Undergrad: 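Please find one structure pasted underneath; my questions will follow.
These numbers were taken from a predicted model, which means no experiment stands behind them.
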Amino acid sequence: VQLQASGGGLVQAGGSLTLSCAASGRPIGLYAVGWFRQAPGKEREFVTGINWYGGAIDSDDSVKGRFTISRDTNKNTVYLQMNSLKPEDTAVYYCAARPGVGDHRAADYEYWGQGTQVTVSS
């Protein structure tokens, strides 16, 4: 499966963005998809995810109540709705996939999109 992330941009604190992760090659419903982010000088961290059967993977505490993941199998796309954005959300956001059930470990994901930059100004 190939993944392409898009939808990043510059937004003011408190604003919203929706990221998309478009899959090609195989049905996205066969995979767990995770969203990760990496800020300058920091390690890549798990944000949230969705399992192959549609159940959510527990989000990182820093985004609970603000970020929501969803999936449209007809469009073969996973979305990340980000609300109440904070400057500390600034990072390159990546989507990644692995067959079956997902977890929080980046090393467990086999397929990665190219990343999309999210910048939140204060």
Side-chain angles (χ1 to χ4, degrees):
V1 66
Q2 294 80 46
L3 304 175
Q4 183 165 358
S6 62
L10 174 64
V11 63
Q12 289 188 332
S16 298
L17 278 175
T18 300
L19 305 184
S20 298
C21 178
S24 59
R26 298 204 74 188
I28 197 66
L30 297 176
Y31 299 89
V33 175
W35 283 99
F36 293 79
R37 65 186 180 186
Q38 188 166 19
K42 295 188 176 182
E43 292 188 355
R44 192 168 298 188
E45 63 177 8
F46 177 83
V47 176
T48 189
I50 187 167
N51 281 306
W52 69 271
Y53 54 84
I57 302 168
D58 192 30
S59 300
D60 185 81
D61 287 344
S62 65
V63 305
K64 284 183 178 178
R66 300 189 299 123
F67 290 12
T68 303
I69 192 169
S70 63
R71 184 178 73 180
D72 187 334
T73 54
N74 290 326
K75 295 183 178 180
N76 224 28
T77 300
V78 172
Y79 302 97
L80 180 64
Q81 175 67 44
M82 305 186 295
N83 298 326
S84 302
L85 283 161
K86 305 175 181 179
E88 51 264 43
D89 294 319
T90 295
V92 178
Y93 283 70
Y94 300 88
C95 60
R98 58 165 292 175
V101 177
D103 57 28
H104 289 208
R105 287 165 39 90
D108 291 342
Y109 288 78
E110 300 178 34
Y111 309 99
W112 288 82
Q114 83 285 7
T116 185
Q117 176 71 46
V118 172
T119 303
V120 184
S121 62
S122 57

Undergrad: Find out if a path of hydrophobic residues (ILVMFWY) with successive side-chain heavy-atom gaps under 4.5 Å connects Y111 to L19.
TA: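 Cluster IDs for Y111 and L19 match.
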Undergrad: Any donor-acceptor pair under 3.5 Å linking the side-chain atoms of R37 with those of Y93?
TA: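 Per modelled atom types, Y93 and R37 side chains form a pair under 3.5 Å.
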Undergrad: Could you report the tightest heavy-atom contact between V78 and I28, atom names first, then the distance?
TA: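 Closest approach of V78 to I28: CG2-CG1, 3.9 Å.
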Undergrad: Can you tell me how far apart CD (Q117) and OG1 (T90) are? Round to the nearest 0.5 Å.
TA: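 If I round to the nearest 0.5 Å, the distance is 7.5 Å.
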Undergrad: Under a 3.5 Å threshold, yes or no: a donor from one side chain and an acceptor from the other, between Q4 and S6?
TA: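 Per modelled atom types, Q4 and S6 side chains form no pair under 3.5 Å.
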Undergrad: Taking atom CG of D103 and atom CG of N51, what is their separation to the nearest 0.5 Å?
TA: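 Between atom CG of D103 and atom CG of N51 there are 9.0 Å.
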Undergrad: Mark yes or no for whether H104, through its side chain, and G49, through its backbone, hold a donor-acceptor pair below 3.5 Å.
TA: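 Such a contact is absent between H104 side chain and G49 backbone.
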Undergrad: So Y31 and E110, side-chain contact (heavy atoms from CB on, under 4.5 Å) or not? Walk me through it.
TA: CA-CA 10 Å; Y31 299 89; E110 300 178 34; over 6 Å; no
Undergrad: I need the minimum non-hydrogen distance between V33 and Y109, along with the two atoms involved.
TA: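 Between these two residues, the closest heavy atoms are C-CE2, 4.3 Å.
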Undergrad: What is the distance from atom CD of Q81 to atom OG of S20, rounded to the nearest 0.5 Å?
TA: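 Those atoms lie 10.0 Å apart.
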Undergrad: Stepwise, does the side-chain contact (heavy atoms from CB on, under 4.5 Å) test hold for R44 with V92?
TA: CA-CA 9 Å; R44 192 168 298 188; V92 178; over 6 Å; no
Undergrad: Taking all non-hydrogen atoms of both residues into account, name the closest pair between V120 and K86 and its distance.
TA: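 Shortest heavy-atom separation between V120 and K86 comes out as CB-O, 3.3 Å.
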Undergrad: Strictly by modelled atom types, are S121 and Q12 linked by a side-chain donor-acceptor pair under 3.5 Å?
TA: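 Looking only at side-chain atoms, Q12 and S121 do not form any donor-acceptor pair under 3.5 Å.
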Undergrad: At their closest point, which heavy atom of L85 faces which heavy atom of L17, and how far apart are they?
TA: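 Reported closest heavy-atom pair: CD1-N, 3.9 Å.
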Undergrad: For W112 and F36, take the angle between the two ring planes, folded into 0 to 90°, and tell me which bin it lands in: parallel under 30, tilted 30 to 60, perpendicular over 60.
TA: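 The rings of W112 and F36 sit tilted, inter-plane angle from 30° to 60°.
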Undergrad: Using every non-hydrogen atom in the two residues, find where S16 and S84 come nearest and quote the distance to one decimal.
TA: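 The pair with the smallest heavy-atom distance is OG-N, 4.4 Å.
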Undergrad: For I50 versus S70, what's the shortest heavy-atom pair and its separation?
TA: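 Nearest pair, atom of I50 first, then S70: CD1-C, 4.5 Å.
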Undergrad: With a 3.5 Å distance limit and no angle check, can you tell me whether D60 reaches the backbone of S62 through a side-chain donor-acceptor pair?
TA: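 Checking the backbone N and O of S62 against the side chain of D60, a donor-acceptor pair under 3.5 Å is found.
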Undergrad: Going only through I, L, V, M, F, W and Y residues with side-chain contacts under 4.5 Å, is there a path from L3 to V101?
TA: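 Unlinked, L3 and V101 end up in two clusters.
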Undergrad: Between N76 and R26 (side chain of the first, backbone of the second, donor and acceptor by atom type, cut-off under 3.5 Å), is there such a pair?
TA: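 Yes.
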Undergrad: For atom NZ of K64, decide whether the heavy atoms of other residues, nucleotides or ligands shown that lie under 6.0 angstrom number more than 12.
TA: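 Count over threshold, so yes.
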Undergrad: Kindly compute the distance separating OG1 (T68) from CG (L80), expressed to the nearest 0.5 Å.
TA: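 Atom-to-atom, T68:OG1 and L80:CG are 8.0 Å apart.
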Undergrad: Could you grab the distance from atom CZ of F67 to atom CH2 of W35, nearest 0.5 Å is fine?
TA: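 It is 11.0 Å, given to the nearest 0.5 Å.
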Undergrad: Under the side-chain contact (heavy atoms from CB on, under 4.5 Å) rule, what do M82 and V118 come out as? Steps first, then yes or no, please.
TA: CA-CA 10 Å; M82 305 186 295; V118 172; 3.9 Å; yes
Undergrad: Could you tell me whether a side-chain N or O of D72 sits under 3.5 Å from a main-chain N or O of T77, the two making a donor and an acceptor?
TA: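 Between the backbone of T77 and the side chain of D72 there is no qualifying donor-acceptor contact (under 3.5 Å).
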Undergrad: Supply the atom-to-atom distance L30 CG to R98 CZ, rounded to the nearest 0.5 angstrom.
TA: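 Here the rounded value is 14.0 Å.
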